[in-house]
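Chain letters run A, B, ... following the sequence lines, proteins first, then strands; residues in each count from 1.
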Amino acid sequence: LEFILTTRQEQVKLLDRFSTSNKSLTGTLYLTATHLLFIDSSQRETWILHHHIAAVEKLPLTTSGCPLVIQCKNFRIVHFVVPRERDCHDIYNSLLQLSRTAKYEELYAFSYNPKQNESEQVKGWQLIDLAEEYKRMGVPNSNWQLSDANRDYKICETYPKELYVPRTASKPIIVGSSKFRSKGRFPVLSYYHKNKEAAICRCSQPLSGFSARCLEDEHMLQAISKANPSNRYMYVMDTRPKLNAMANRAAGKGYENEDNYSNIRFQFVGIENIHVMRSSLQKLLEVSGTKGLSVNDFLSGLENSGWLRHIKAVLDAAVFLVKAIAVESASVLVHCSDGWDRTSQVCSLGALLLDSYYRTIRGFMTFLISNLNWFQSVHGIFFRCCQLDGDPKEISPVFTQFLESVWNLTEQFPQAFEYNEAFLLQIHEHVHSCQFGNFLGNCQKEREELKLKEKTYSLWPFLLDEQKRYQNPLYNPDFSPELTLLEPNTVSFNFKFWRNMYHQFDRSMHPRQSVFNLIMNMSEQNKQLEQDIRELEAKIKQRNGQSDAFPVKEHQQPAHPAPLALKTPPCFKKEQPLIPVNDAVRTIEGSNAADNRYSEFVAEFSKAEPAVVSLEYGVARMTC
Amino acid sequence: MLAVPGIDLLFSSVPQSAEFRLVPVWLLTLANSSGTITLRCKDLKVLQLEIPGMEECLNIASSIEALSSVDSVMMMYPFFYRPQSLKLEEGWHLFPLQQYFQQIASQVSLEGRDPAMLRSSQPLTGPNRKRCREDEMLLGTVLEEGERGFIIDTRSAQAAKQARMTGGGTEPKSSYPQWRRLHRGRPLQESFIKLVDACNDTAINMDRWLNRLESCRWLSHVKAALSTACLAAQCMDREEANVLVHGAEGTDTTLLVTALAQGLLEREWIKAGHPFHLRCARSAYSHARLKQEAPLFLLFLDCVWQLSRQFPFSLEFGERLLLTLFDDAYASAYGTFLCNNEKERCLCKVKENTHSLWAWLNQPGERKKYLNPLYLPNALVIWPSVEPQSIQLWQGLFFRWIRSSQYLDEAWAEIQRLVEGNEPPVKDSAGNRLSQSLSDPTAQPENGR
């Protein structure tokens with residue numbers, strides 16, 4: 001709080017980001033301990049969480065005042081104009097301090113209180129049971145066992161305690177292998193396919209240099225191979241471009257030599273590193289943020305950014321992986337450099353394609369924190385999203401890329417996923433919000449030290465509470481029976497720019513009518529009606545039962561509301577604005593999961609009329 | 001077994017079964033090497049037939065070649081096509097033009113100052129900047145004292161300047177003081193060919209794909225057409241100004257813009273003389289590069305599709321109707337899109353000797369297939385977003401034969417099932433409205449104005 005130099009600033013202008021005629025709203029800006037709030041003259045509120053702020057920039061003074069541009073991690077960009085430069089400077093400095101957090105204890109999650117009591121908090125954290133998840137996957141079994149080798153985080157600091165390894169991999173083999181792997185991250189199970197008895201394993205690159213070998217590591221891979229009775233060979237996927245992997249050899253790292261390992265098939269898949277991804281996203285955002293953008297500039301910008309090429313590369317790698325498992329029944333070991341980013345992307349997408357459970361809402365939550373995927377501490381996602389004031393070189397949109405790949409799948413298979421786009425966006429939002437404990441810390445060890453389960457809350461119960469917002473109305477559980485493969489077509493034209501992610505807050509770009517909301521409301525109402533019918537039928541039964549007990553015949557006829565209810569047409573009217581249910585009370589944006597901004601922009605009809613006609617370019621800009 | 005009857009090409013993979021695949025003969029190029037015939041159809045489908053025997057192959061190829069390039073309109077399929085369920089004459093009089101103008105006239109006189117949208121060809125100003133009193137007065141009468149009007153020239157400013165050398169040109173400001181001129185416009189056929197080429201290359205990598213999508217400029221045309229239509233609509237809606245739209249001959253882009261702005265298909269495109277026969281002769285696989293060919297109608301359909309994506313409840317018809325119209329504009333069993341203008345149609349006796357596509361679409365069984373189950377009548381003007389981020393490639397058309405759309409189709413069927421399961425059963429009138437929105441020009445237009 002000591003950072004806030006100004007708490008309230010009047011006569012601030014909020015510029016329309018894409019308006020070529022500098023359209024703006026005038027209102028009042030407030031700074032609170034956790035949020036920035038802007039209320040315009042028509043009382044519309046814009047809330048921005050300090051943790052969401054990625055960059056604040058003060059532009060040169062203009063005649064109308066001092067411009068202040070705020071870029072957020074959820075791709076919102078707001079452009080304020082503060083009348084006096086001094087005030088602008090104060091706001092700028094306050095925001096700079098507020099958006100930078102140096103210590104974990106200052107993160108919002110540690111002060112956020114959603115009015116849950118202690119038992120609810122505990123229950124929230126227990127909602128997803130990892131042991132249960134491994135059981136569902138089919139481990140432990142005769143080939144795979146739980147290893148306690150990493151009990152005290154001694155072998156590998158960044159791995160969790162519970163790790164599944166082949167039964168034949170003894171502790172000395174594990175220890176030996178971990179010494180031969182970058183950051184000690186030896187091969188462990190990520191996903192087990194029980195029908196094929198094949199496994200997805202993950203690790204970091206071997207310290208092979210130009211010629212080094214490690215017998216334990218070779219044994220380890222052989223053990224993984226042998227744990228799969230249906231196939232004697234296994235794939236080793238290095239997700240890096242070959243050139244990068246070779247360059248690593250000079251630093252004493254590198255990749256597996258096929259001659260030293262028996263029965264491996266080695267494969268590079270060429271996903272670029274985090275630095276390339278970061279600058280790619282930057283380029284993409286620069287292009288998509290341009291005012292008065294032409295179609296050709298947009299497309300060439302999209303091409304130059306390389307963003308869709310990267311998304312395709314990630315998905316292509318996942319498709320390679322699942323084909324090895326589903327078609328050849330071969331186990332696959334995946335690594336990149338440290339086995340954090342690309343490995344997580346490929347392993348998790350692979351599991352998503354293989355296992356339909358992960359395409360359900362609850363399954364996806366489990367998925368994110370299990371299988372050593374993202375938030376089960378393996379990932380180091382915390383750096384990547386830069387929630388603490390750290391090295392900007394560690395920030396990278398790897399998780400955004402993963403979500404975008406999932407979104408691409410939902411576009412190709414509209415009926416295969418129980419969750420919708422809003423769910424993915426909401427998770428993206430909270431990974432960066434630091435509001436819930438789920439996404440804090442880089443590894444299990446760090447998470448335990450932070451006592452997250454006592455001091456913070458879990459996001460999952462909040463998402464489950466408002467599950468119906470995140471449901472895909474077209475979801476068909478029979479679309480792909482358990483453990484059947486989803487086979488996406490990764491031809492280039494199937495990848496599209498994800499407008500709803502990168503322009504989530506630019507309402508004028510969104511379709512004004514949402515089919516999903518319409519259908520969601522309809523099925524909601526149908527469910528309600530069905531329930532009414534059931535209740536009424538139960539009442540009738542009860543009544544009939546009563547009348548059986550008391551044979552008073554004349555009472556049987558009158559009370560028959562059921563047919564009436566059946567006849568009444570659904571009260572659904574299409575004219576109603578398609579705002580999802582229970583959206584009546586607005587709370588702080590991002591302050592609780594019940595506040596889903598998604599509804600803000602999808603839901604409305606086109607009452608919209610352009611407020612300003614700008615003909616200077618001969619192009620009518622329609623802003624609503 | 002392959003059979004080449006007069007009109008359609010029949011191909012049966014299993015001769016015993018009655019399983020026939022109907023291949024339209026409006027194919028274009030035949031690349032025969034070692035007995036393979038490649039058929040590139042106007043609906044963008046590509047087929048490869050392996051024919052045993054070089055001679056047979058050549059024979060078939062030349063038959064197909066000959067049959068697919070019939071010159072005389074009178075020899076075309078619509079003049080022979082006689083479906084059982086339809087009577088000739090039917091459907092041709094669904095939308096008498098006169099009645100429409102009468103209604104418009106009465107509307108205008110009733111509401112007084114309602115803005116009007118006019119359409120014309122370019123003025124014949126020429127290099128000497130000729131003027132025409134009558135023309136100036138005609139435009140003058142549209143506007144009352146002090147009113148402003150917009151002239152939207154669908155050509156680029158440069159193209160308009162060039163046109164002056166050949167006797168055409170633009171309205172000079174000095175002679176038409178109340179009108180403001182705006183230019184828009186670009187070439188199209190090449191763009192279409194390039195796009196289809198790029199779409200057919202499925203092995204293409206991401207960068208190359210985006211590059212070709214960009215360089216074909218198709219989406220730029222879509223954006224330009226949409227924003228010009230919006231502009232026209234906006235001029236009318238917000239400024240209450242009158243709008244005169246013209247291109248070089250008032251037949252192509254002009255129609256595109258007025259039609260989009262009004263959403264009235266039949267009246268704008270067919271009655272006003274879009275030279276369908278010239279513009280839609282060869283489709284995208286044309287090597288001949290006919291000078292007159294331009295997929296304007298397709299561009300219009302694409303724009304409508306963009307609207308349907310942004311306003312899924314506001315159009316009464318679905319994507320399927322747009323696809324059908326595209327197919328039929330290029331090659332049809334119906335006479336609706338034959339010839340270039342009303343005069344030619346009269347000469348060929350199109351109305352007497354062919355069936356109308358509208359009559360076919362109007363049959364209750366057919367009609368239902370083309371309706372949008374989500375449609376909700378909405379008299380409001382719709383304002384689409386014309387940002388590049390909002391404009392998408394029409395996958396349902398350009399990739400129709402390239403990738404499987406099974407999952408998307410299933411999802412759409414599910415939407416249909418859900419919505420229809422929820423409709424009160426009395427919604428019978430919806431069916432009748434399709435024909436109206438297509439044919440009855442007096443129906444309240446949904447898009448634009």
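Between the side chain of E418(A) and the backbone N or O of N472(A) there is no donor-acceptor pair closer than 3.5 Å.
Remark: the E319(B) side chain and the W394(B) side chain contain an N/O donor-acceptor pair separated by less than 3.5 Å. Remark: the E421(A) side chain and the W498(A) side chain contain an N/O donor-acceptor pair separated by less than 3.5 Å. One side chain, D302(B) or Q306(B), offers a donor N or O that lies under 3.5 Å from an acceptor on the other. For Q392(B) and W305(B), the side-chain atoms include no donor-acceptor pair closer than 3.5 Å.
With a 4.5 Å cut-off on non-hydrogen atoms, S294(A) touches chain B through its backbone but not through its side chain. The contact between F493(A) and chain B is made by backbone and side chain atoms together, counting heavy-atom distances below 4.5 Å. Only the side chain of I402(B) comes within contact range of chain A, with heavy atoms under 4.5 Å apart. Looking at R309(A), the atoms closer than 4.5 Å to chain B (heavy atoms on both sides) sit in the backbone and in the side chain alike. Heavy atoms closer than 4.5 Å to chain A are found in both the backbone and the side chain of E410(B). Interface residue N296(A): backbone and side-chain heavy atoms are both found under 4.5 Å from chain B. The contact between N205(B) and chain A is made entirely by backbone atoms, counting heavy-atom distances below 4.5 Å.
In terms of non-hydrogen atom pairs under 4.5 Å with chain A, the most contact-rich of L408(B), I204(B), N211(B), L213(B) is N211(B). The candidate from N494(A), L308(A), N489(A), N476(A) with the greatest count of non-hydrogen atom pairs under 4.5 Å with chain B is L308(A).
Using cut-offs of 30° and 60° for the angle between ring planes, the W218(B) and F398(B) rings count as perpendicular.
The aromatic ring centres of F417(A) and F479(A) sit 6.0 Å or more apart.
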